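Read through the structure below, which is laid out as structure tokens, and then see the notes.
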Amino acid sequence: MQVNLKTACQHTEIESTSDLSSFSEKLLAGKVMAAIADLSLGEVYITQALAILKSIDKDLPLIIITKRDKQELAAKYIGMGAADYILTDNLLRLCPVIGREAKTYSEVTAGRKARQEIKELQNIINAAEDEIYVLDGITLKINFANRKAVQNLRHSTDELKELSMNDIMMDVMPLGFMSGWDRNKTRKTFYTRMKRKDGTVYPAEAVFQSVKTDGKTAILGIIHDITEKESAKQQAMILNKAIDASASSVIITDKDFRIFYVNKAYCTLSGKSLTESVGSDIHDSIINNSKTDDFRQALQNCSKGQSWVGEYNRLGKDGETHIVLGSVSPVMDEKSELQNIVIVEEDITERIRIKSQLMHAQKMETVGELTSGIAHDFTNMLTAIGGFASIMKRKMDTESNLFMYVDRIIDLTIRAKSLTQNLLNFSRKQMQADRVLNVNELVNTVSGFLSMVIGNKLEIHKELSPEEINIVGDPVQLEQVIINLATNARDAVSKEGILTISTDRLMISSKEAGGGFKEYAVIKVRDNGSGIEEKKLKKIFEPFYTTKDEGKGTGLGLYIVSDIIARHNGLIECQSELGVGTEFIIKLPVTEKKPETLKEETEVKSTRSAVILLIEDEKMVRDSLMNALDAYGYRVIEAANGRDGVEIYKERHNSIDLVISDIVMPVMDGIEAYAQMSGINPDVKMIFTTGYVGETHKRDNFDEKDHVVLLKPLLVKELIKRIEQLIQKN
């Protein structure tokens, strides 16, 4: 048989086997196009062979070779799946049948493969994350839409096939979309918005590709939903705006410390634009000093993943130094290697200065409290000294050689009283009332104790006007102005220097004086120190601005000076030259009034003997006043505190003409004692004395303006004058 087959089908490769196992292996090899089985092998064999063939490839043809008397059996096998049968006496027909069946099998296999590939392609298209469409090239009607398109648009597949692309696209396909498909461009990419079935829209990127099939044009469309991309872009934009709007500087560098991003706050602080900053080394704008050592070390430690927070100095615009609170944070990649460094800085220059000023103010408040306490004790001693001196003077013969010395003691007591009040004014316990001042006397007074303030570093020269120049003002505040300017002069000289204070008159035109001409007193304070740079002159009167080294200036001295002069309706200006010196020119309005002379009043005589209740807790003051009042003929009853005074007044108020009481006392103060005495006698006459001023006794509805209040140290003649005024009032 095999010989006959090879003879009949010379161009066909034929392999033979009678072993079903070998038959199965040959079929599984996939090279068989057709199988031939001789019916003479027996029905069992043929049946098994047919079953094996159909289990491996149901489309593979099996041709039965049989004798004429077995045709019915062969036909039976055709019914079971065999392709055809050939009679042994007509083998010439075998080769055409084999060719026919092999061709049919080849076509069936190709079709099956094509269907499989199409199925796989459909699975891929449906699994795609983008929407994929196949459109009619003319009408843009949707012929196919993948699963993602159905999910995104919320239309069914059948619904989509009833629509065109323009039905689901908010922005209609671009004008001229179809033009040029057959000439140059077969691909178009653009941004669009897709419309869902419920009317909501989402942004998308569209790519359309023309495809020629059977002389017709189809369009393949791929739509990428960029909602997340747009959201991320929007978030990035918001984040960028937020960082840019931050009051803190934000700097991002690469691992080599080169800046590639800065926000607006950094540009404002450094005075550099974004273009100027990007690409520069982060170290270039840091001031080299001890404060920046930690910052530089922190940059190096970023490679180890270490963060840092601390203070350091940064170079600002115009070369100014700014103190910043900065954080240095590393950004590591997936390999834990340094990729970027993020630096966030807050300019705390003003905060540091304000904190320094607050500490300074607190110290000054403490000094003021201490000064007030010392002044109180001092006034008591001066009251006793003045009282005893007045007694000596009253009882001493005016022709005595010692009379002038007693007079001198009283004069010094008066001056000491003024000094004590000045101390209290400096401690901000009292606002001195404005009064007429002689400018030359003001300069002489303040220059007398300037040496105690500025030491021996400066030699003080005075160039005073020969004529009298009077102004209205607060002497303590104006003295403070000169002291502040002198202190600045002391700090400006590096060797033995000269401080010159001069006075003069000046007529100022309407441009400066606000209309017409006005006469001003001029006080000039000049030094031969280091001078001030021209660009800094415009700022020297600003609060918290100082030209001194860090830690040597509060930045409030010249601000206070300018504020005091402004409150006196005056003007102040500064002229300076580096290496030559600085001159401050103060201009204050002149007055035609004359200053009052500070001196002890003329002798006052008591009109009659009167009973006085003296309430004073300090024994030496009480003794001094008792003796002084006794010398003037008054009868004095003493009490050591308010409670004792009230008890005495209850018993003897009908015979007591007047009460003199200190305000601040232990057990019961003078204000409470007065309240209780007023309950006993509403017409009680009372003189209050105190070494404190200001807010100390502005309580319990007590107003000094409604009472006679004398400040210690008491001048005996002033006290007698007040006693007589009250006694004779009725």
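Counting begins at 1 with the first residue of the sequence. Being a predicted model, the structure only gives us computed values, none of them experimental.
- Nearest approach of Ile259 to Ile282, heavy atoms of both residues: CD1-CD1, 4.0 Å.
- Nearest heavy-atom pair, Lys161 versus Asn143, reported as atom, atom and distance to 0.1 Å: CE-O, 3.6 Å.
- Distance check: Met169 CE to Leu153 CG gives 10.0 Å after rounding to the nearest 0.5 Å.
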Self-check item: Stepwise side-chain contact (heavy atoms from CB on, under 4.5 Å) test for Gln209 and Ile219
Solution: CA-CA 6 Å; Gln209 176 79 45; Ile219 298 174; over 6 Å; no

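- In summary, of the residues considered (Ile52, Leu50, Ile36), a side chain to side chain contact (heavy atoms under 4.5 Å, CB included) with Leu62 occurs for Leu50 alone.
- Residues Glu43 and Tyr45 bring no donor and acceptor atom of their side chains to less than 3.5 Å of each other.
- Put simply, the side chain of His322 reaches to within 4.5 Å of the side chain of Leu269, judged on heavy atoms.
- Note that CG of Leu20 is 9.0 Å distant from CG of Leu41, once rounded to the nearest 0.5 Å.
- For the residue pair Asp347 / Thr349, a side-chain donor-acceptor distance below 3.5 Å is found, with atom types taken as modelled.
- Scanning both residues, Phe257 and Leu299, for their nearest heavy atoms gives CE2-O, 3.6 Å.
- Looking at residues two or more places apart in sequence or on another chain, you find a salt bridge (Lys or Arg N to Asp or Glu O under 4.0 Å) between Asp84 and Arg93, Arg100.
- Ile142 CD1 to Ser164 OG: the interatomic distance, rounded to the nearest 0.5 Å, is 7.0 Å.
- Counting heavy atoms from C-beta outward, Val97 and Ile86 have side chains that approach closer than 4.5 Å.
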Quiz item: Which is it for Asp158 and Ser156 under the side-chain hydrogen bond (donor to acceptor under 3.5 Å, both in side chains) test, yes or no, and what are the steps along the way?
Solution: CA-CA 5 Å; Asp158 293 338; Ser156 68; 5.4 Å; no

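- Atom CD1 of Ile46 is separated from atom CE of Met80 by 10.5 Å, given to the nearest 0.5 angstrom.
- Evaluation of the side-chain hydrogen bond (donor to acceptor under 3.5 Å, both in side chains) test over residues 229-239, restricted to residues two or more places apart or in two chains, returns Glu205-Lys229.
- Between Lys148 and Glu129 the shortest heavy-atom distance is CE-O, 3.3 Å.
- Looking only at distances, a side-chain donor or acceptor of Arg147 sits under 3.5 Å from a matching main-chain atom of Asn126.
- Between the side chain of Thr109 and the main chain of Tyr105, a donor-acceptor pair closer than 3.5 Å is present.
- Met165 CE to Leu160 CG: the interatomic distance, rounded to the nearest 0.5 Å, is 9.0 Å.
- A donor-acceptor pair under 3.5 Å links the side-chain atoms of Asp136 to the main chain of Ile138, judged by distance alone.
- Between Phe190 and Phe208, the two ring planes are parallel [angle under 30°; tilted spans 30° to 60°].
- Between Asp19 and Ser21, the side chains place no donor N or O within less than 3.5 Å of an acceptor N or O (distance only, hydrogens not considered).
- Atoms CD and CD, on Glu337 and Glu334 in that order, are 9.0 Å from each other to the nearest 0.5 Å.
- Put simply, the side chain of Leu27 reaches to within 4.5 Å of the side chain of Leu60, judged on heavy atoms.
- Among all heavy-atom pairs drawn from Leu53 and Pro61, the shortest one is CD1-O, 4.2 Å.
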Quiz item: Step by step, would you call Tyr85 with Leu39 a side-chain contact (heavy atoms from CB on, under 4.5 Å)?
Solution: CA-CA 10 Å; Tyr85 67 89; Leu39 193 58; over 6 Å; no

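- In this structure a side-chain-to-backbone donor-acceptor pair under 3.5 Å is present from Ser277 to Ser273.
- Two residues are said to be in side-chain contact when any heavy atoms from C-beta on lie closer than 4.5 Å; Lys31 and Lys26 fail this criterion.
- No donor-acceptor pair under 3.5 Å is formed between the side chain of Ser106 and the backbone N or O of Ala102.
- Between Pro203 and Tyr191, some side-chain heavy-atom pair lies under the 4.5 Å cut-off.
- Here the shortest heavy-atom pairing between Asn146 and Ala128 reads ND2-CB, 4.2 Å.
- Side-chain atoms of Asp225 and Thr227 form a donor-acceptor pair, as typed in the model, at a separation below 3.5 Å.
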Name each donor-acceptor pair under 3.5 Å that joins a side chain in residues 339-346 to protein atoms two or more places apart or in another chain, with its distance.
{"unit_1": "Asn340", "atom_1": "ND2", "unit_2": "Thr253", "atom_2": "O", "d": "3.3"}
{"unit_1": "Glu345", "atom_1": "OE1", "unit_2": "Arg314", "atom_2": "NE", "d": "2.7"}
{"unit_1": "Glu345", "atom_1": "OE2", "unit_2": "Tyr312", "atom_2": "OH", "d": "2.5"}
{"unit_1": "Glu345", "atom_1": "OE2", "unit_2": "Arg314", "atom_2": "NE", "d": "3.0"}
{"unit_1": "Glu345", "atom_1": "OE2", "unit_2": "Arg314", "atom_2": "NH2", "d": "2.6"}
{"unit_1": "Glu346", "atom_1": "OE2", "unit_2": "Arg351", "atom_2": "NH2", "d": "2.4"}

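- For the pair Ser24 and Leu28, the minimum side-chain heavy-atom distance is below 4.5 Å.
- Looking only at side-chain heavy atoms (C-beta outward), Val324 and Ile348 stay at 4.5 Å or farther from each other.
- Inspection of the Asn301 and Gln297 side chains reveals an N or O donor paired with an N or O acceptor under 3.5 Å.
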Self-check item: Working for side-chain contact (heavy atoms from CB on, under 4.5 Å), residues Arg193 and Tyr202
Solution: CA-CA 6 Å; Arg193 291 178 297 160; Tyr202 56 93; over 6 Å; no

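- Contact annotation: the side chain of Leu87 never approaches that of Lys67 to less than 4.5 Å [non-hydrogen atoms, C-beta and beyond].
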Practice problem: Start with the C-alpha gap between Lys141 and Asp167, add the side-chain angles, then the distance that decides, and say whether salt bridge (Lys or Arg N to Asp or Glu O under 4.0 Å) holds. | Solution: CA-CA 9 Å; Lys141 185 177 180 181; Asp167 292 326; over 6 Å; no

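- With Asn263 contributing its side chain and Ser248 its backbone, the two residues share a donor-acceptor pair below 3.5 Å.
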Quiz item: Hey, mind stepping through Asn240 and Ile243 against side-chain contact (heavy atoms from CB on, under 4.5 Å) and telling me if it holds?
Solution: CA-CA 5 Å; Asn240 186 64; Ile243 294 174; 5.6 Å; no

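- One N or O on the side chain of Lys54 and one on the backbone of Gly81 form a donor-acceptor pair closer than 3.5 Å.
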